[in-house]
K.L.:
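Here it is, the structure in full.
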Amino acid sequence: MARYNAKDSESRWQAVWAERRSFATPNDSARPKCYVLEMFPYPSGNIHMGHARNYTMGDCLARFRRAQGYNVLHPMGWDAFGLPAENAARDKGVNPRAWVESNIANMRAQLKLMGLAIDWSREFATCDPAYYGRQQKLFLDFYKLGLVYRSEADVNWDPIDQTVLANEQVIDGRGWRSGAVVERRKLSQWFFRITAFSDDLLAALDGLERWPEKVRLMQKNWIGRSEGLRFFFALSNGESVEVFSTRPDTLFGASFVALSPDHPLAEELAKSDPELARFIEECRRTGTAEAEIEKAEKRGYDTGLKADHPFDPDWKLPVMVANFVLMGYGTGAIFGCPAHDARDLEFARKYDLPVLPVVIPEGQDPRSFRIADEPYVGPGRLANSRFLDGMSVEQAQDEVAKRLEAGGRARRTVQYRLRDWLASRQRAWGCPIPMIHCPGCGVTPAREADLPIMLPDDLDFSVHGNPLDSHPTWKHTTCPSCGGKALRETDTLDTFVDSSWYFARFCDARAEGPVNPEALDYWLPVDQYIGGIEHAILHLLYARFFTRGLKKAGYAKIDEPFAGLFTQGMICHETYRDDDGEWREPSEVEKRDGKAFLKDTGAPVVIGPSEKMSKSKKNTVAPSAFVDVYGADAMRWFMLSDTPPERDIEWTESGVEGCWRFIQRVHRLVTEARDLPPPGAPIGPVKGAALELRRATHRAIAAVTEDLDTLRFNRAVAQIYALANEIGGAQGDIDRAALREALEALVLLIGPMTPHLAETCWEALGHTTLVAESDWPKADPALVRRDTITIAVQVNGKLRGTLEVANGAAEDSVRAGALALEGVSRALDGRAPKRVIVVPNRIVNIVA
RNA sequence: GCGGGCGUGGCGGAACGGUAGACGCAACGGACUUAAAAUCCGUAGGACCGAAAGGCCCAUGGGGGUUCGAGUCCCUCCGCCCGCACCA
């Protein structure tokens, strides 16, 4: 029997699917819809293993749903704007569009070799004018709705990428892509008003039941809602300063008022106080470069001003400028209560300010309760607090709020950590912002008729800064309002904007408007979105915001774009280092007896721990190289096997070879089966081994169906192995119809996972139809149900025997059978059972 | 520091509170073969008793608890991983 030739089989079936348009998805189907989406790739040039895992999972689900009768939308596109193309343009002198397009062509071919069930007619790249032009339209829509605005702001400047970054893109004070220490600059920039939806983005998280709890929590913390009180302190210079506090109950424990170094009042005071100016300057430096080194150090500067306590004008508090107070949160000013806040305590100890406890834990004496190294942040009774004495924390907070509100000096507010999305980028390879700066009319939106505002093809990337800005003609235009000379906005949009609505465009990728509301209504929300956890905050939050914007603009009826979210684990591989300590690629290494050697010289290499595949450690394996040798099905099978999909998976040669052997084994099982009845032949009553095979078949169908429904691919794979083992173990003279049924079930069950193999086997079984167009098999409940059940019999919780009983056997007979077991009487050793617990169809436990 | 997750054979991992280790990888023994590869059959957590059949004890990071019964629930300690990090 000829071995299964994966290469021939795969190219053949890929051609058949393409020719028959098996995966083209109509927008007008009577069948229920299912939208399966994997996060679209950046066209770096090659598919990597992370893509392969991501798209294998999504494809398996898409094919499964299609077989179940859904009208499945499973599209693919390209997140094609962004810095790497500019770098390539500068370093290699190529045109960024040409570079991206050749990368896309390469990757599209690699994806097609994986045999993905994708509707390629919906493909687009975000750098297509047809896409970004419509994004410009959305930008103008959002502008009209007040969801886009321009504002001067302190921005995070990445000195390497020469662009500003959103807060979300600054990780530990460094640019998320470049790793450069971020500087601060004041610039006029475009923002999306994401905070307009702060409360809604937070509250709606509870409804996202098919999202990982972890992701919901990360978003919740990112939005960071807290309730508190804003109120004023009168100052000795006649001015006043507003503070924000979530703990107004501790007001009588206050020992200072602190301003952010960026607070307008601090800046004002610095004009006449050079020492303060120096201090502020220092704080700004440590805010970035030395953030890691001195991050814990609290430092302050006494302005000499005094603040009146709101409830006692004779009580004067020092007004400090403190480096730990952030201008971007609350009012940029606080009152410090050292006894009940860790930062305030550290600050007070350093500057020798009073530490007066005002919340006393239950059971402690207010006269003797002292704060030592730790503040007290728990519940308790108020003390040392005049009219608040004896109240609970909640009562006291309410009382303070009431009294200050009554005097018009305070208001209760909700504060968010979330800030508006700074979306301007000083980059040329991005979506141009459709705005025009007119010396007379100011900032004016471009006319919609003038969209798309296209990028020029002749950008010079050798210049410093934004090539769009230094282009000789591009930015010169006329004002849509007055017709006079004007300049285009040369900033482009953050590429996260591009990925914030692509899923909506897929619903009708050729729609005249940005999206087709009818198609949106039909397809959205995405039923299952699959991608990496690294997008838990940025991309998913922005997409949630954009969907709300689409709704407000009248395009969509929903708020939430992704009903189900799955975050897959990463791909790991062993690392190798040679004698010189240099990293070596797996392809350069061969292994013998658990040791590793360089292929060319035979020199030994040290095997390091398995780590996430990365270029820096050279522990990557290219999917395409693997597909070349073993075929796409073996890779797909590996990606789904063994490791639960949310966990990191380790790529191993031996595991992959095991997959290849399984592919061959399935092919053998099918092609070596002799004398099968024709397809569709009825199956008569069977017994004995044939009945057992039928039971195994239907149990496998039921189990695999459930596992795929819940994305437990690894368990589905195990069930399929078990079925293959049953078929392999069946006697040669078993009922042929039962054998055909088992083989057909096996082939249909592997269809979503190893689709090419399934088609070849299906054909070998005499079918002229395609697995890709076949229905999912149905389990017969009568065959899934077991007639007899082996139940465990325990004495005092220890296993002493097993008992074969009829399914649903009466408790009495089970009890009697259990007590009659030899192992039970031996364990009882003459003692009478005190109690016998019978759990039907499960277990008997005899308590002696 | 705060928040979250995880800890089961040599490895990846199974296990509605109910026979721990399904399934796979690696390993070992056997068959086929001149040989190897491939394939097929079989073995396999650990200790002890037994010629064997089998018996018996210990095992899910450590300790404690709830329960007839705990890998699973609760408390506590240890270890590892991830996220956020001066958010008032």
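Numbers restart at 1 for each chain; the letters A, B, ... are given by sequence-line order, proteins then strands. These numbers were taken from a predicted model, which means no experiment stands behind them. Just the heavy atoms: all of them, side chains too, but no hydrogens, waters or symmetry mates, feed the values below.
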K.L.:
Look at atom NZ of K612(A) and say whether more than 12 heavy atoms of other residues, nucleotides or ligands are closer to it than 6.0 Å.
P.N.:
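No, not enclosed.
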
K.L.:
In whole Å, what is the span from the CD atom of Q794(A) to the C1' atom of C57(B)?
P.N.:
16 Å

K.L.:
Can you give me the dot-bracket string for RNA chain B, 5' to 3', counting Watson-Crick and G-U wobble pairs with both distances under 3.5 Å, using [ ] for crossing pairs and | for partners on another strand?
P.N.:
(((((((..(((.....[....))).(((((.......))))).((.((....)).))..(((((..]....))))))))))))....

K.L.:
Measuring to OP1 and OP2 of G1(B), would you say a side-chain N or O of R343(A) lies under 4.0 angstrom away?
P.N.:
no

K.L.:
What is the distance, rounded to the nearest whole Å, between atom CD1 of I537(A) and atom P of A85(B)?
P.N.:
8 Å

K.L.:
If you count heavy atoms of other groups shown closer than 6.0 angstrom to CD of E822(A), is the number above 12?
P.N.:
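Atom CD in E822(A) is not crowded, with 12 or fewer foreign heavy atoms closer than 6.0 Å.
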
K.L.:
Does any donor atom in the side chain of Y351(A) or S255(A) lie under 3.5 Å from an acceptor atom in the other side chain?
P.N.:
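No, no side-chain donor-acceptor pair sits under 3.5 Å.
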
K.L.:
Is a donor-acceptor contact shorter than 3.5 angstrom present between the side chain of K298(A) and the base of C86(B)?
P.N.:
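Under the 3.5 Å cut-off, the side chain and the base do form a donor-acceptor pair.
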
K.L.:
Between the protein and nucleotides 58-66 of chain B, list every N/O to N/O distance that falls short of 3.5 Å.
P.N.:
from	atom 1	to	atom 2	distance (Å)
C58(B)	OP2	K798(A)	NZ	3.4

K.L.:
Does the distance from a Lys or Arg side-chain N to an Asp or Glu carboxylate O, for R216(A) and E213(A), drop under 4.0 Å?
P.N.:
yes

K.L.:
Charged N to carboxylate O below 4.0 Å: is that the case for E811(A) and R815(A)?
P.N.:
yes

K.L.:
Does CZ in R349(A) sit with more than 12 non-hydrogen atoms of other residues, nucleotides or ligands closer than 6.0 Å?
P.N.:
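Enclosed.
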
K.L.:
Judged by modelled atom types alone, do N845(A) and R800(A) share a side-chain donor-acceptor pair under 3.5 Å?
P.N.:
no

K.L.:
So, is R815(A) near the phosphate of C68(B), with a side-chain N or O under 4.0 Å from OP1 or OP2?
P.N.:
no

K.L.:
Roughly how many Å is it from CH2 in W637(A) to P in C23(B), rounded to a whole number?
P.N.:
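The answer, rounded to whole Å, is 14 Å.
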
K.L.:
Is the closest side-chain donor-acceptor distance between N619(A) and T575(A) under 3.5 Å?
P.N.:
no

K.L.:
Between the base of G69(B) and the side chain of N845(A), is there a donor and acceptor pair under 3.5 angstrom?
P.N.:
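Answer is no: no donor-acceptor pair is held.
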
